[in-house]
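Here the structure is a predicted model, which is why all the values come from computation and not from measurement. Reckoned from all heavy atoms, side chains included, excluding hydrogens, waters and symmetry mates.
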Amino acid sequence: MLRYWSIFLIFSIVFSFGIYTYIFEQTEAKNPQIIIQKKPILFGSKNKPVNIFDISDKRIRILYFGFTRCPDICPTSLAMLAGALNKINNKQQAKIRPIFISLDPERDSADHTAQYAHYFNPMIEGLAAPLDVITPLANKYGVIFRKVKLENSALKYTVDHNSYFYFVKPDGTLITKVPHTLTPRPIIEAIEKLTTT
C-alpha cells in the first residue's frame with residue numbers, strides 16, 4: 001500500500017510541474033515584454049540601435065542615469081566619471097564601457113544624448129530610448145526618478161532622480177554601485193578593483 005502511495009505522490013509532483021511549466025510558457029509567449037526587458041535596445045549616435053547587454057562584449061558597464069537638461073547633479077557626475085577615465089591606464093580603459101542613459105526621452109533624442117555624453121569624454125556613450133524601455137531598465141537597478149512640473153519656467157518640467165554609478169556585468173547583473181561623489185577617487189577605486197586580474 002505504501003508503494004502505491006509513493007508512486008501516486010511522484011506522479012502528482014511530475015504532473016504539477018508539467019502544468020506549471022506549460023502555464024509559464026504560455027504567459028511568456030503572450031507577454032513578449034518579459035523577453036524584451038532582458039535585452040533592452042537603446043539608441044545612440046545617429047539613432048543607431050545598441051544592445052548594452054551584448055554578452056560577446058566582455059567589458060564591465062558603468063551605467064549612469066540622468067538627463068541632458070539636468071542643472072547640476074548630472075554634469076557633476078559625468079565630470080567625475082570623465083576625471084576617473086582620464087586617470088586610469090589604457091588596459092583598464094579597455095575593460096570598461098561607460099554609458100550615460102537619459103531618463104527624459106521626451107526631450108532627449110538619441111543623437112543629442114550621445115553628443116552630450118561625448119562632451120565630457122569620448123569614451124562615454126550617450127543612449128536614449130522610449131520610456132517603456134527605460135523605466136524597467138532603471139527599476140532593475142533601483143533608480144528612482146520622477147517628472148516634476150516647473151511653474152513659470154521655459155523648461156516646463158525637470159526630472160528628479162537619485163545619482164549612482166552602476167557597475168554591471170555584460171549580462172546586466174549588478175556588481176556594485178558608487179554613490180554621487182565630488183571626487184573621481186571612488187570611481188577610480190571601483191574600476192581598479194574590478195579590472196585587476
Side-chain angles (χ1 to χ4, degrees), residues 35-68 70 72-105 108-130 133-134 136-143 145 161-197:
I35 299 173
I36 292 171
Q37 289 180 10
K38 292 180 181 178
K39 293 185 179 180
I41 301 300
L42 286 76
F43 299 89
S45 181
K46 298 180 181 178
N47 214 38
K48 181 180 178 181
V50 178
N51 174 13
I52 63 173
F53 299 140
D54 177 3
I55 59 174
S56 65
D57 181 353
K58 302 303 182 182
R59 292 176 294 173
I60 294 170
R61 280 61 163 167
I62 304 176
L63 307 182
Y64 185 83
F65 294 82
F67 64 113
T68 66
C70 183
D72 43 30
I73 294 177
C74 297
T76 301
S77 295
L78 291 180
M80 295 305 102
L81 177 57
L85 297 175
N86 291 334
K87 292 289 185 180
I88 61 177
N89 61 47
N90 292 339
K91 289 184 179 180
Q92 291 169 326
Q93 288 181 355
K95 293 181 179 181
I96 61 172
R97 183 181 176 186
I99 303 172
F100 171 74
I101 299 174
S102 173
L103 295 171
D104 186 14
D108 289 347
S109 68
D111 209 42
H112 175 65
T113 304
Q115 291 176 17
Y116 178 80
H118 289 160
Y119 170 80
F120 293 91
N121 188 291
M123 275 190 67
I124 306 175
E125 296 178 53
L127 304 178
V133 174
I134 294 299
L137 178 61
N139 289 344
K140 176 183 176 72
Y141 300 110
V143 178
F145 69 102
H161 63 92
N162 55 357
S163 180
Y164 286 90
F165 298 92
Y166 300 91
F167 289 72
V168 304
K169 295 180 180 179
D171 65 0
T173 303
L174 179 66
I175 304 171
T176 188
K177 61 182 181 179
V178 174
H180 185 73
T181 175
L182 297 178
T183 170
R185 177 46 51 186
I187 305 171
I188 294 172
E189 290 175 353
I191 293 172
E192 289 177 341
K193 182 179 180 180
L194 295 174
T195 57
T196 300
T197 54

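- Enclosure of atom CD1 in I55 is not indicated, since only 12 or fewer non-hydrogen atoms of other residues, nucleotides or ligands lie within 6.0 angstrom.
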* Please lay out, stage by stage, how I52 and V168 fare under the test side chain to side chain contact (heavy atoms under 4.5 Å, CB included). => CA-CA 10 Å; I52 63 173; V168 304; over 6 Å; no
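- Side-chain atoms of D111 never come within 3.5 Å of backbone atoms of S45 as a donor-acceptor pair (strictly under, hydrogens ignored).
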* Please report the C-alpha distance between I124 and L85 in whole Å, then the side-chain angles of each, then the deciding distance to 0.1 Å, and finally whether the side chain to side chain contact (heavy atoms under 4.5 Å, CB included) criterion is met. => CA-CA 9 Å; I124 306 175; L85 297 175; 3.8 Å; yes
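- Remark: Q115 CD to H118 NE2 distance equals 9.0 Å, nearest 0.5 Å.
- Using a 4.5 Å heavy-atom cutoff, the side chains of L137 and F53 are in contact.
- With a 4.5 Å cut-off on side-chain heavy atoms, V143 and L63 do not count as touching.
- Between P186 and M80 the shortest side-chain heavy-atom distance does not fall below 4.5 Å.
- When every heavy atom of I88 is checked against every heavy atom of Q92, the shortest pair comes out as CB-OE1, 3.1 Å.
- When side chains are defined from C-beta on, H180 counts as touching L182, because their heavy atoms get closer than 4.5 Å.
- Separating the CD1 atom in I101 from the CZ atom in R61 is a distance of 11.0 Å, to the nearest 0.5 Å.
- E189 places none of its side-chain heavy atoms less than 4.5 Å from the side chain of V178.
- Rounded to the nearest 0.5 Å, atoms SG (C74) and CG (L103) are 7.5 Å apart.
- The two residues K140 and G172 have their closest heavy-atom pair at CE-O, 3.3 Å.
- Contact detail for N86 and N121: the closest heavy-atom pair is OD1-ND2, 3.3 Å.
- Rounded to the nearest 0.5 angstrom, M123 CE and I99 CD1 are separated by 10.5 Å.
- The side chain to side chain contact (heavy atoms under 4.5 Å, CB included) test with S102 singles out one residue from I134, D108, L127, and that residue is D108.
- Closest approach of V50 to R97, counting heavy atoms only: CG1-NH2, 3.2 Å.
- Counted by atom type alone, D54 and S56 present one or more donor-acceptor pairs between their side chains at under 3.5 Å.
- Considering all non-hydrogen atoms of both residues, P184 and G83 come closest at CB-C, 4.0 Å.
- Separating the OG1 atom in T113 from the CG atom in L42 is a distance of 10.0 Å, to the nearest 0.5 Å.
- I191 has its side chain within reach of I62: a pair of non-hydrogen atoms, C-beta onward, lies under 4.5 Å apart.
- You'll find the ring centres of F145 and F65 outside the 6.0 Å limit.
- Side-chain contact of Y164 with S77: a donor-acceptor pair under 3.5 Å is absent, judged by distance alone.
- Using a cutoff of 4.0 Å between basic side-chain nitrogens and carboxylate oxygens, D171 and K169 are not scored as salt-bridged.
- Between Y116 and F100, the angle of the ring planes lies from 30° to 60°, which puts this pair in the tilted group.
- Between F165 and L81 there is a side-chain heavy-atom pair separated by less than 4.5 Å.
- The NE2 atom of H161 sits 10.0 Å away from the CG atom of D104 when rounded to the nearest 0.5 Å.
- Under the 4.5 Å side-chain criterion, counting only non-hydrogen atoms from C-beta, I187 is in contact with F167.
- Environment of OH in Y119: sparse, with no more than 12 heavy atoms of neighbouring residues, nucleotides or ligands closer than 6.0 Å.
- When every heavy atom of D57 is checked against every heavy atom of R59, the shortest pair comes out as OD2-NH2, 2.8 Å.
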